[in-house]
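What's counted below: heavy atoms across the whole structure, side chains too, no hydrogens, waters or symmetry copies.
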Amino acid sequence: MILKKVHFPIYILLAIFLSLYSCEEKQKNQLDKKNNLIEIDRLIDLGDKSLENVKYDSAFYYHNKAKSLCDVKTDSTRIIYSLARMSEIQQNQGDYSGSETTAIEALPFLNKTMDPSYESSIYNLLGIVYLKLFDYDNALYYYKKGLNLNIDEIRKLKIKHNIAVVYMAKQDYNRAIQILLPLTSKKEVINDPAPFSKALDNLGYSYFKVGNSKGIDYLNQALKIKKQIKDNWGMAASYLHLTKYYKQTNPRLSNNYARLAYEKATKANNVDDRLESLALLIHTQTGNQSKVYSEKYIQINDSISKVRQKEKNQFAKMKYDSKQDKEENLILKTQKSETALELEQQKNGNLILIFITIIGTLSTLFIYSFFKAINKKEKIQTAYDTETRISKKLHDELANDVYQAMSFAETQDLSSEQNKEKLLNNLDTIYSRTRNISLENSEIDTGEYFKENLLMLISGFNNNKTNVIIKNYEAINWSNTKKLTKITVYRIIQELLVNMKKHSQCSIVVLGFENIEKTYEINYSDNGIGSPKTLKFKNGLQNVGNRIKTINGTFTFDTELNKGFKAKIIFPH
């Protein structure tokens with residue numbers, strides 16, 4: 001009985017001490033989290049204000065910085081919002097491939113947010129970018145995904161209008177009319193002059209293209225509304241449609257509308273419409289005037305190409321710099337955590353000694369805690385060793401490139417645009433390699449967003465030197481495919497693309513997906529340097545051969561020196 005009376009208050013004291021310490025740590029973590037969210041929201045506000053003021057570089061920087069500070073487990077909504085803004089900025093600057101990559105980066109976070117409007121905005125951005133890239137099937141796919149979400153009526157009507165625009169681009173004007181005509185009678189559309197006039201304009205042009213005479217009435221009605229609200233951007237589009245409408249029947253009036261389109265597009269700083277109106281003016285003019293318009297066209301086209309390439313490089317550099325900062329901060333955080341852990345272990349050790357001195361009967365409890373702490377430290381050491389191996393891989397594969405970039409920066413005149421662009425391209429290459437190493441070692445999500453993640457992997461190998469073309473991507477039903485099969489196929493495609501990037505020197509890669517009876521086929525081909533027909537399995541290709549056997553599949557390839565590389569992957573449903 002005496003022993004129990006001595007032990008009871010000691011346990012209470014220990015419990016109170018640990019409880020107070022835990023509360024203190026919890027409050028500290030909550031305060032750090034709150035301060036971090038305040039900083040993230042401040043950066044997002046700065047990014048939005050910069051975007052409103054058409055300061056695209058600053059807007060992209062602030063949103064990229066905000067995204068890098070977010071916790072991927074708890075701040076998914078903020079990550080999606082900033083990525084959507086960044087993708088929008090890249091679209092505005094003509095960087096459609098970059099916009100696609102940024103939007104796809106948001107897809108894995110969509111299932112973590114309860115607000116379907118965020119999901120809708122990402123799908124809408126992907127629809128726009130695929131329309132700009134002339135990939136109409138993918139544009140319709142993402143627009144329809146957005147349309148099936150539980151969103152408000154106004155958002156749905158805007159998506160329907162965008163779907164009609166895709167059908168117009170496909171020259172399926174009858175289907176576009178079927179969508180646009182009901183839109184022009186919706187009160188939500190009629191009450192907002194800008195989308196109402198845009199719907200009327202596209203409906204009128206579609207009627208014109210199918211030979212319906214009432215198209216001109218809709219075109220004139222749309223132009224009248226745009227003039228009332230002083231919408232220069234919209235008026236430029238209307239004048240372009242009217243230019244095409246009168247091109248055959250009234251060339252003089254058509255030419256007048258083309259000049260008005262050029263004037264309004266210039267005021268709105270709409271480069272694409274300026275170029276289109278100049279192209280129409282070139283065809284309707286003769287002599288010196290045609291030459292003047294041709295020179296303007298060449299001058300504007302060259303200028304915008306340089307600006308867009310510069311912006312693209314700058315966006316890539318911002319992403320690279322942000323990733324570097326995040327990795328450095330993670331290393332510092334890890335070092336601080338290790339130091340804090342050592343201090344905590346020392347504090348616990350002293351506490352244990354005090355309690356052992358006070359009462360020997362608690363020695364068993366303290367010994368148990370001691371060994372538990374050692375086990376925890378061993379787990380931390382194991383994690384640290386894993387990180388060290390990945391760090392060594394980064395160092396071995398990237399050190400030379402980084403050194404060359406540093407030497408170039410130190411020895412070359414960076415005020416030269418050519419040298420500056422070369423340095424940015426080198427940094428972009430380093431960023432891409434770092435990202436690829438990360439993807440090679442990251443966990444594969446085989447859930448709902450596997451299809452989007454696989455698409456993001458493939459798109460990551462698309463660059464200025466290599467064009468990766470995807471055919472019939474929807475042929476494989478990934479939702480009914482086993483987890484092991486998804487992982488195997490993902491790694492095989494990754495291995496082929498990495499092998500291509502290292503050795504192929506190709507400019508075009510085609511990945512085709514097929515569903516044939518009870519099997520799926522993935523066909524890979526490139527126009528690279530190829531290899532002799534005597535090529536045997538080595539390293540990466542050996543890995544492919546071993547992986548495909550685990551899912552009862554087959555892998556065959558055909559290659560010949562200077563005639564590219566072809567491979568076929570077959571696996572059961």
Side-chain angles (χ1 to χ4, degrees), residues 124 127-128 131-132 134 136 139-140 143-144 147 153-265 267-268 270 272-281 283-284:
N124 193 59
I128 294 170
L131 174 62
K132 294 291 187 181
F134 310 105
Y136 302 130
L140 289 173
Y143 279 143
K144 289 177 180 178
L147 197 60
E153 186 65 16
I154 293 176
R155 287 179 185 271
K156 286 192 175 185
L157 292 173
K158 288 180 179 178
I159 293 174
K160 286 180 179 179
H161 182 269
N162 289 342
I163 291 173
V165 172
V166 177
Y167 285 122
M168 289 175 69
K170 294 179 74 174
Q171 298 185 5
D172 190 350
Y173 295 103
N174 283 314
R175 199 158 183 180
I177 291 170
Q178 292 174 4
I179 299 171
L180 291 167
L181 187 58
L183 287 183
T184 58
S185 61
K186 295 283 186 180
K187 64 178 182 179
E188 293 89 351
V189 178
I190 296 172
N191 293 334
D192 194 341
F196 183 44
S197 61
K198 189 182 294 184
L200 290 172
D201 186 44
N202 285 329
L203 178 60
Y205 188 74
S206 296
Y207 272 133
F208 156 62
K209 295 299 288 186
V210 297
N212 193 318
S213 59
K214 60 184 176 182
I216 189 61
D217 295 330
Y218 285 105
L219 290 172
N220 288 330
Q221 186 183 352
L223 179 59
K224 183 179 179 181
I225 296 172
K226 292 174 181 179
K227 285 181 176 179
Q228 289 173 350
I229 62 176
K230 299 179 180 179
D231 180 7
N232 288 322
W233 193 289
M235 280 188 278
S238 282
Y239 286 135
L240 284 172
H241 281 164
L242 288 166
T243 300
K244 296 171 186 176
Y245 184 89
Y246 287 109
K247 187 176 182 180
Q248 299 297 330
T249 59
N250 194 338
R252 182 176 294 181
L253 183 57
S254 175
N255 180 260
N256 183 51
Y257 278 129
R259 283 190 286 104
L260 288 171
Y262 178 75
E263 290 175 8
K264 295 302 179 184
K267 284 185 178 180
N270 183 343
D272 292 332
D273 282 0
R274 283 181 76 188
L275 290 174
E276 186 176 356
S277 59
L278 281 172
L280 290 168
L281 284 167
H283 290 298
T284 57

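- Residues forming a side chain to side chain contact (heavy atoms under 4.5 Å, CB included) with Asn162 (at least two apart in sequence, or on another chain): Asn124, Tyr143.
- Annotation: the span from Tyr205 atom OH to Leu242 atom CG amounts to 10.5 Å, rounded to 0.5 Å.
- Interatomic distance, Leu157 CG to Ile159 CD1, rounded to the nearest 0.5 Å: 9.5 Å.
- Evaluation of the salt bridge (Lys or Arg N to Asp or Glu O under 4.0 Å) test over residues 231-245, restricted to residues two or more places apart or in two chains, returns Lys244-Glu276.
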Cut-off 3.5 Å, no hydrogens considered: what does the side-chain donor-acceptor table look like for residues 206-223, sequence neighbours left out?
from: Ser206; atom 1: OG; to: Asn202; atom 2: O; distance (Å): 2.9
from: Asn212; atom 1: OD1; to: Lys214; atom 2: N; distance (Å): 3.1
from: Asn220; atom 1: ND2; to: Ile216; atom 2: O; distance (Å): 3.3

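- More than 12 non-hydrogen atoms from other residues, nucleotides or ligands lie less than 6.0 angstrom from CD of Gln228.
- Applying the side chain to side chain contact (heavy atoms under 4.5 Å, CB included) rule to Ser277 yields the partners Leu240, Ala261, Tyr262; only residues at least two apart in sequence or on another chain are considered.
- In this view, Lys144 satisfies the salt bridge (Lys or Arg N to Asp or Glu O under 4.0 Å) rule with no residue, not counting sequence neighbours.
- For Lys264, the salt bridge (Lys or Arg N to Asp or Glu O under 4.0 Å) test picks out no residue, with sequence neighbours left out.
- In this structure, Ala258 and Leu280 approach most closely via the heavy-atom pair CB-CB, 4.4 Å.
- Leu253 contributes atom CG, which lies 6.5 Å from atom CG of Asn256 (distance to the nearest 0.5 angstrom).
- Within the model, atoms NZ of Lys226 and NZ of Lys198 stand 8.0 Å from one another, a figure rounded to the nearest 0.5 Å.
- Heavy-atom neighbours of Lys247 NZ from other residues, nucleotides or ligands within 6.0 Å: at or below the threshold of 12.
- The list of ring pair (Phe, Tyr, Trp, His ring centres under 6.0 Å) pairs with a residue in residues 153-203, not counting sequence neighbours, is empty.
- Remark: the Arg252 side chain and the Asn255 side chain contain no N/O donor-acceptor pair separated by less than 3.5 Å.
- The shortest non-hydrogen separation linking Thr243 to Ser254 is O-OG, 2.6 Å.
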Could you pull out all donor-acceptor pairs under 3.5 Å where a side-chain atom in residues 176-194 meets a protein atom, sequence neighbours excluded?
from: Thr184; atom 1: OG1; to: Leu181; atom 2: O; distance (Å): 2.6
from: Ser185; atom 1: OG; to: Pro182; atom 2: O; distance (Å): 2.8
from: Asn191; atom 1: ND2; to: Lys187; atom 2: O; distance (Å): 3.0

